K.L.:
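Handing you a structure now.
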2 protein chains.
Amino acid sequence: MSKVVDIHTHIYPPSYIRLLRSRQTVPYIRTIDASDRLVILPSEDTNASTSIGRPIGPEYYDISHKLKFMDVHNIDISILSLANPWLDFLPSDEAAKTAREVNDDIDKLCGERNGRLYAFGALPLSASVEEVCAEVERLKELKWMRGVVMGTGGIGKGLDDERLDKVWGILEETGQTVFLHPHYGLPSEVWGEKEYGHVLPLALGFPLETTIAISRMYLAGVFDRYPRLQVLLAHSGGTIPFLAGRLESCIEHDAHLQKEGAAPRKSIWDVLKRNILLDAVVYSEFGVKTAVQVSGGDRVLFGTDNPFFPPLAGDDGAVPDEWKSVTTNVAALQNAFGTLDGLTEKILGGNAVRIFNLA
Amino acid sequence: MSKVVDIHTHIYPPSYIRLLRSRQTVPYIRTIDASDRLVILPSEDTNASTSIGRPIGPEYYDISHKLKFMDVHNIDISILSLANPWLDFLPSDEAAKTAREVNDDIDKLCGERNGRLYAFGALPLSASVEEVCAEVERLKELKWMRGVVMGTGGIGKGLDDERLDKVWGILEETGQTVFLHPHYGLPSEVWGEKEYGHVLPLALGFPLETTIAISRMYLAGVFDRYPRLQVLLAHSGGTIPFLAGRLESCIEHDAHLQKEGAAPRKSIWDVLKRNILLDAVVYSEFGVKTAVQVSGGDRVLFGTDNPFFPPLAGDDGAVPDEWKSVTTNVAALQNAFGTLDGLTEKILGGNAVRIFNLA
């Protein structure tokens, strides 16, 4: 039986929590009536006292909560990543130093739980490209780091910005995976005037953001120039597994792109099978089957998105230990594959152990 | 062998072409250097002389081109729909009259090709709800009409607008299907600064718009109130088949929605199997497999999106008769299902003959 590995699990380490507490603008943590509220999106930054942001407790920063969560769900190893919005908002002259502190902090956390915790490092994307590259090189030397986590904004203009080429180059050269994760969503007018809690931005805004980001990266020829670059896409790629055919067809039928010879050389299907890794955080057997069909059973990896999507209290007020957001994804794998070709085991951990060289 | 039916195929009938030619603002047709250009989106309305909009030829309005296209691709029956942006832009006092003219025009076109052409009618959505409902009732009496085509804007505030309830009610009551089709895309800033022809708005903007629209309709409880309403989604639902699990999970984990008892009563999976029909215009075997898994092999229907996505000229300057945008979708069906359970045949036409009662 292979180890169970969670490759999509977030933390705010102590140095990051101190940073959030010291800030007055988004993102920040504010204590209201003795309870901490985390505000990470401008839209959550209302003046409505207790309703700003979301409650934040030790499950966001206390590693013992992560380990308890792992024990409850039989997870052997977690690859931690700083939660959004990472370091994207920092003044450019503070970003590199903060990145080193936060990454050292996380690497130390991992070292204290020998072999159960690894991590993706955060990048100082508001600093210079040289500083970003220097941190990528430095991360390679940190014992528990296995790549980097990155938002879709890149250094301000998205991931199709050619100024990022040096960053892709050094990531490829050092063999570090990019965990690409959404944060910014879509412009709020697309959700209309009615309120459905946070459902639309979370259920749709996040995956649609990821879909657009990876498509722009592909169209810009990043995978032609960096053929060994590995990008792990959050939430099973957003929707790119479902839309890849339409993307391919629209490129083939675009007179302008074809005339200019500006279409990517590699097909999107090649990129899905050679450059993209997909997590299995898609909450349905149909979604995870599609993910496996487009990227292959060796390139899909179990994740939980912890500490987000905690169980709600039941009618009796009790909060269950087991998280439905996790068991749904495990059940999706079992329903999709059962014991077929060992796929469920590979996705639950075997692939991650191999790809990320986990002891 | 069942008939082959194309349920996603557009036309601008003569009365609509006259309307476009008479207009000075988007949408309009302008003749430049003896060639007609169609401008349907504000972003295409540049001053760059010949580059505005797109070339428009008789394939958009001359029914003999449609029939030739059908013959080349062995399509027995087409269910025509007015192409976007339909009648959405009309002044409210002209909309109802124009809708009647355009729909009568299309119904007449169908009648002249006995049995090969049917249609979805267009609605005067900028008129009053009463006028919209009246046109729905009138369409029921037109011999070749089989439902209505509708954009995602509804009567101005999207499809989760409760003012549309009367429209859903009369559509349900008269057993007419809504063919829901995108047009408005996403706000242009999500595409970034680089240009990739029309690829991003077409490949992603369209399906993401559809995904958001059907999700808002679902969250507003439309399918709880109108349990027999049938909605045919363009482009295999945008991405809803892939994202349904995440949508369900986000609803289940939304404390606000759950506390208020504001979540839809029907599950999204029920809606996909009972209220939603999906076209098979998804350009990959993986996409169409997912469509069949979520909505069932009896609810997925072949379409072409003609006259959009025509073949480009080859290196020798010749334009092939056969459209790759069509053959890709036929091959996707054959690769996905072959002769399994007669699925390919059902999707190519059997389902449409049954659902739309095509003689």
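Everything quoted here is computed from the prediction, not taken from an experiment. Each chain gets a letter, A, B and so on, in the order its sequence line appears, and its residues count up from 1. Computed from heavy atoms alone, side chains included, the values below leave out hydrogens, waters and symmetry copies.
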K.L.:
What side-chain donor-acceptor pairs closer than 3.5 Å can you find for residues 305-319 of chain B, not counting sequence neighbours?
P.N.:
from, atom 1, to, atom 2, distance (Å)
B/D305, OD1, B/H8, NE2, 3.0
B/D305, OD1, B/H10, NE2, 3.4
B/D305, OD2, B/H235, NE2, 3.2
B/N306, OD1, B/K66, NZ, 2.6
B/D316, OD1, B/A318, N, 3.0

K.L.:
Which one wins on heavy-atom pair count under 4.5 Å against chain A: B/L200, B/T152, B/T328?
P.N.:
B/L200
K.L.:
If you count heavy-atom pairs within less than 4.5 Å of chain A, which of B/A262, B/G158, B/S249 leads?
P.N.:
B/S249
K.L.:
Around B/R225, counting heavy atoms of other residues, nucleotides and ligands shown, do more than 12 lie under 6.0 Å from its CZ?
P.N.:
yes
K.L.:
Is it the backbone or the side chain of A/H256 that comes under 4.5 Å from a heavy atom of chain B, or both, or neither?
P.N.:
side chain
K.L.:
With only heavy atoms counted, which part of B/L247 is less than 4.5 Å from chain A, the side chain, the backbone, both or neither?
P.N.:
both
K.L.:
Ignoring hydrogens and geometry, is there a side-chain-to-backbone donor-acceptor pair from B/R246 to A/L202 under 3.5 Å?
P.N.:
yes
K.L.:
Of all the heavy-atom pairs spanning B/S284 and A/G245, show the shortest one and how long it is.
P.N.:
CB-CA, 4.0 Å
K.L.:
Compare every heavy atom of A/V199 with every heavy atom of B/C250, then report the nearest pair and how far apart it is.
P.N.:
O-CG2, 3.9 Å
K.L.:
Is there a side-chain contact between B/F286 and A/P241 in this structure, where contact means two heavy atoms from C-beta onward sitting under 4.5 Å apart?
P.N.:
no
K.L.:
Let me know if A/A255 has heavy atoms under 4.5 Å from chain B in its side chain, its backbone, both or neither.
P.N.:
both
K.L.:
Can you tell which of B/A332, B/A220, B/A291, B/A263 has the highest number of heavy-atom pairs within less than 4.5 Å of chain A?
P.N.:
B/A220
K.L.:
I need the residue from B/I251, B/N329, B/I212, B/V288 with the largest number of non-hydrogen atom pairs under 4.5 Å to chain A.
P.N.:
B/I212
K.L.:
At a heavy-atom separation under 4.5 Å, does A/E252 approach chain B through its side chain, its backbone, both, or neither?
P.N.:
both
K.L.:
Quick one, A/L208 and B/T239 - any side-chain contact, counting heavy atoms below 4.5 Å?
P.N.:
yes
K.L.:
With distance as the sole criterion, is a donor-acceptor pair present between the side chains of A/D254 and B/Y196 under 3.5 Å?
P.N.:
no
K.L.:
Identify every side-chain donor-acceptor pair in residues 184-193 of chain A under 3.5 Å, counting partners at least two apart or on other chains, and give the distances.
P.N.:
from, atom 1, to, atom 2, distance (Å)
A/Y184, OH, A/D88, OD2, 2.7
A/E193, OE1, B/K157, NZ, 3.2

K.L.:
Please state whether the side chain, the backbone, both or neither of A/L219 comes within less than 4.5 Å of a heavy atom of chain B.
P.N.:
both
